[in-house]
Amino acid sequence: MPYFIEIEGGVVAAPPADGRGVRGFKGIPYAAPPVGALRWRPPQPVEPWRVLRSAETFGANSLQGVVFDDIDPTLAGVSEDCLYLNVWTPTQRGSAELAPVLFWIHGGGFVVGSGSEPRYDGANLAAKGIVVVTVNHRLNALGFLAHPELTAESGSSGAYGMLDLVAALTWVARNIGAFGGDPAAVTIAGESAGSFAVSALMASPLAKGLFARAIGQSGGFFASPSRPLQSLKEAEEEGLAFAGRVGAKTLAELRAAPAEAILAAAPGLGFRPIVDGHFVPQAPADIFVKGEQADVPLLAGWTKDEGFNFDVTKGENAGRPYEETVRHVFAGAAAAALAHYPARTLETSARALGGDLTIVHPTWAWIEAQKATGRADIFRFRFDHAPPAPQGSFGDAGAFHAGDIPYVFDNLDAFDWTYSQSDRDVATLASNYWVNFVKRGDPNGEGLPHWPSYRNEGMTMLIDAPARAAPDFDRPRHEFLARVVEQQAS
């Protein structure tokens, strides 16, 4: 029987339920469109609507181009008017019992991606008894531009995309009950840039109290030897250069510039979050050292073969001898780096180093920081299962970056690949672990291999068929990288 839900802004019609009773509400606005005078301002309250709103179509993605071959931004269209979220719920109208909530933040390097990507469809997880929320936020220059005039206007700049996430979480706190979700049991989660955002939200005083648990897959707002965090002052200098490329001499001219000119002036990986002094008053590592982070249960880790995507002998370093690249990154510590990533095993070392510098070490540092000053439990993983990706696209990629997503969401049909029973078993295993954590802050449950606490036992769960727990690994090289980061900061 059709029904309606009243939320901030107005009334939405409930879409039809699937055969399991799951309903997917799409394209719900959580803030006003950040366009015109609201470009590069903190998100503003939702603009009310007076007619019944349909929830059967995704809202537009944040303005973006094609950067990665696994993210198609054209499916829902792109626009500056992008502050929408989606809700999948298994609960029926009139149900008194509220379900825990998974709040998912997409990946894409902070330049592409959306909550409407097929691999993030929340129906299969919702069928396991949780409410799933996916969200869009401002990206690239529209989300992370810092500029002296913007800073003078509001005291800080460069964190608009992060402030969008805080606004979306605030919306969830106020409205998710209407969808049968429990606002006191929200788990923030994400992969790659989304995982980076989760660690940032744990550090931000603006997000405290808006979530009860956290999941990070392959990313953290922590420095590595090749990726120092950017300060507001440094980002403002880049913002001035960006304005020059747009042809704008003033902030007013920047706000009046066509969206296409903004995107054209920030191609590729463009802009990303900074230490802005407001959303994060200091570098997250410093906030964690003081014990000022949100001390919530944490499930975090990475994939076994992150380095396939980030090999240091490819991309901008292509053609440069491996040892020269190492010297460029590590300077006086190059000899020690080569002891951990030796040139004699070039292919293995280049991948391991690239994966560590880009993804693994920041995630490792985040987990260690929470272990050092927090009290809540920690569950660390490494996703070891290699998806059956076509060889022409991924070669010998193994368990590559982002390959864990369709397993965690139990959405193997998001890709047209040939899956085995082993793949289906891992999807059931991973999604059950994640759902259990969302429900209780502990991934363990009936019929699952025991996942030991990293805080108490120092063990890592290797997710594969079969899954198994293993002692800490690669710790010496991460301790070395941590020392380099500390020396670079001094």
Any donor-acceptor pair under 3.5 Å linking the side chain of T358 with the backbone of G355? no
What class does the angle between the rings of H361 and W364 fall in, given that below 30° is parallel, 30 to 60° is tilted and above 60° is perpendicular? parallel
In terms of side-chain heavy atoms, does S453 have a donor or acceptor partner in D377 at a distance below 3.5 Å? yes
Say you draw a straight line from CD1 of I105 to OH of Y120; how long is it, rounded to the nearest 0.5 Å? 11.0 Å
Could you tell me whether the side chains of Q217 and S192 share a donor-acceptor contact shorter than 3.5 Å? no
Look at D295 together with R375 and state whether they make a salt bridge at an N to O cut-off of under 4.0 Å. no
Are any side-chain N or O atoms of R213 and backbone N or O atoms of A189, one a donor and one an acceptor, separated by less than 3.5 Å? no
Looking at S218 and T363, what are the two nearest heavy atoms and their distance? C-OG1, 3.8 Å
Is the positively charged end of K371 above the ring of Y454, judged by distance under 6.0 angstrom from the centroid and angle within 45° of the axis? yes
Hey, does the side chain of D305 reach the backbone of A399 with a donor-acceptor pair shorter than 3.5 angstrom? yes
N411 and N124 side chains, donor-acceptor separation under 3.5 Å: yes
Mind checking the CG-CG spacing from L206 to L163? Nearest 0.5 Å is all I need. 6.5 Å
Could you tell me if the side chain of W171 sits less than 4.5 Å from the side chain of L85, heavy atoms only? yes
Between R174 and E8 (side chain of the first, backbone of the second, donor and acceptor by atom type, cut-off under 3.5 Å), is there such a pair? no
Start with the C-alpha distance between S62 and N136, add both sets of side-chain angles, then the distance that settles side-chain hydrogen bond (donor to acceptor under 3.5 Å, both in side chains), and finish with yes or no. CA-CA 7 Å; S62 178; N136 294 352; over 6 Å; no
Kindly determine whether M162 and L165 satisfy side-chain contact (heavy atoms from CB on, under 4.5 Å), including the steps that lead there. CA-CA 5 Å; M162 296 292 98; L165 295 176; 3.7 Å; yes
Can you confirm if the aromatic rings of F242 and F271 lie within a centre distance of less than 6.0 Å? yes
side-chain hydrogen bond (donor to acceptor under 3.5 Å, both in side chains) pairs touching residues 260-276, sequence neighbours excluded, are S156-D276
Ignoring hydrogens and geometry beyond distance, is a side-chain donor-acceptor pair present between W302 and E191 at under 3.5 Å? no
Can you name the closest pair of heavy atoms from A17 and R23 and give their distance? N-NH1, 3.4 Å
Are R41 and E153 close enough for a salt bridge, meaning some N to O gap below 4.0 Å? yes
Derivation and outcome, side-chain contact (heavy atoms from CB on, under 4.5 Å), residues L210 and V186: CA-CA 7 Å; L210 295 176; V186 174; over 6 Å; no
Verify the ring-centre separation between F179 and F25: is it less than 6.0 angstrom? yes
So do L229 and E234 actually touch side chain to side chain, heavy atoms under 4.5 Å? no
Review item, side-chain donor-acceptor pairs of residues 279-291, under 3.5 Å, at least two apart:
unit_1	atom_1	unit_2	atom_2	d
Q282	OE1	K290	NZ	2.8

With distance as the sole test, does E56 use its side chain to make a donor-acceptor pair with the main-chain N or O of P15 at under 3.5 Å? no
Can you confirm whether L38 sits close enough to P33 that some side-chain heavy atom of one is under 4.5 Å from a side-chain heavy atom of the other? no
What's the verdict on side-chain contact (heavy atoms from CB on, under 4.5 Å) for I215 and F437, showing C-alpha distance, side-chain angles and the deciding distance? CA-CA 9 Å; I215 297 175; F437 184 82; 3.6 Å; yes
Nearest 0.5 Å please: distance from the OG1 atom of T187 over to the CZ atom of R440. 11.5 Å
Within the distance-only criterion (no hydrogens, no angle test), does the side chain of N444 pair as donor or acceptor with the backbone N or O of W451 below 3.5 angstrom? yes
Has Q370 got a side-chain atom pairing as donor or acceptor with I367's backbone, closer than 3.5 angstrom? no
Quick one, I130 and L125 - any side-chain contact, counting heavy atoms below 4.5 Å? yes
Please answer whether the main-chain N or O of G180 pairs with a side-chain N or O of T89 as donor and acceptor at a distance below 3.5 Å. no
Tell me, please, which residues at least two apart from E368 pass salt bridge (Lys or Arg N to Asp or Glu O under 4.0 Å). R475
Ring centres of F381 and W434 under 6.0 Å apart? yes
Give, for atom CZ of F400 and atom CD of E306, the distance between the pair rounded to the nearest 0.5 Å. 10.5 Å
Polar contact flag, side-chain donor to acceptor under 3.5 angstrom, S114-E117: no
Report the C-alpha distance between F383 and Y407 in whole Å, list the side-chain angles of each, state the deciding distance to 0.1 Å, and finish with yes or no for ring-ring contact (aromatic ring centres under 6.0 Å, His included). CA-CA 10 Å; F383 192 86; Y407 295 88; 5.4 Å; yes
Using a strict cut-off of less than 4.0 Å between a Lys/Arg side-chain nitrogen and an Asp/Glu carboxylate oxygen, indicate whether R380 and D472 qualify as a salt bridge. yes
Looking only at heavy atoms, the pair that brings P258 and R39 closest together is C-NH2, 4.1 Å
Using every non-hydrogen atom in the two residues, find where W49 and P29 come nearest and quote the distance to one decimal. CZ3-CG, 3.5 Å
Consider only side-chain N and O atoms of T151 and E236, and report whether a donor and an acceptor are under 3.5 Å apart. yes
Do L429 and I463 have side chains that approach each other closer than 4.5 Å (heavy atoms only, starting at C-beta)? yes
Any ion pair linking R382 and D384 (charged N to carboxylate O, less than 4.0 Å)? yes
Do P452 and M461 make a side-chain contact, defined as non-hydrogen atoms from C-beta onward lying under 4.5 Å apart? yes
Mind checking whether Y160 and F144 have ring centres under 6.0 Å apart? no
Is any side-chain heavy atom of T57 closer than 4.5 Å to one of K26? no
When the aromatic ring centroids of W104 and F409 are compared, is their separation below 6.0 Å? yes
To the nearest 0.5 Å, how far apart are SG in C82 and CG in L139? 7.0 Å
Looking at R455 and G374, would you say the former's side chain and the latter's main chain have a donor-acceptor pair under 3.5 Å? yes
Atom pair CG/CD1 of L298 and I378 - distance to nearest 0.5 Å: 6.0 Å
Go through the steps for R20 and D18 under the test salt bridge (Lys or Arg N to Asp or Glu O under 4.0 Å), then give the verdict. CA-CA 5 Å; R20 301 164 297 181; D18 67 14; 3.0 Å; yes
Return the minimal non-hydrogen interatomic distance between V132 and A126, and the atom names on each side. CG2-N, 4.1 Å
Where do V133 and W88 land on the side-chain contact (heavy atoms from CB on, under 4.5 Å) test, with the steps shown first? CA-CA 7 Å; V133 177; W88 287 265; over 6 Å; no
Closest non-hydrogen atom pair between V485 and A223, with its separation: CG2-O, 3.7 Å
K304 atom NZ, over 12 foreign heavy atoms within 6.0 Å: no
D81 (side chain) donor-acceptor with P34 (main chain) under 3.5 angstrom: no
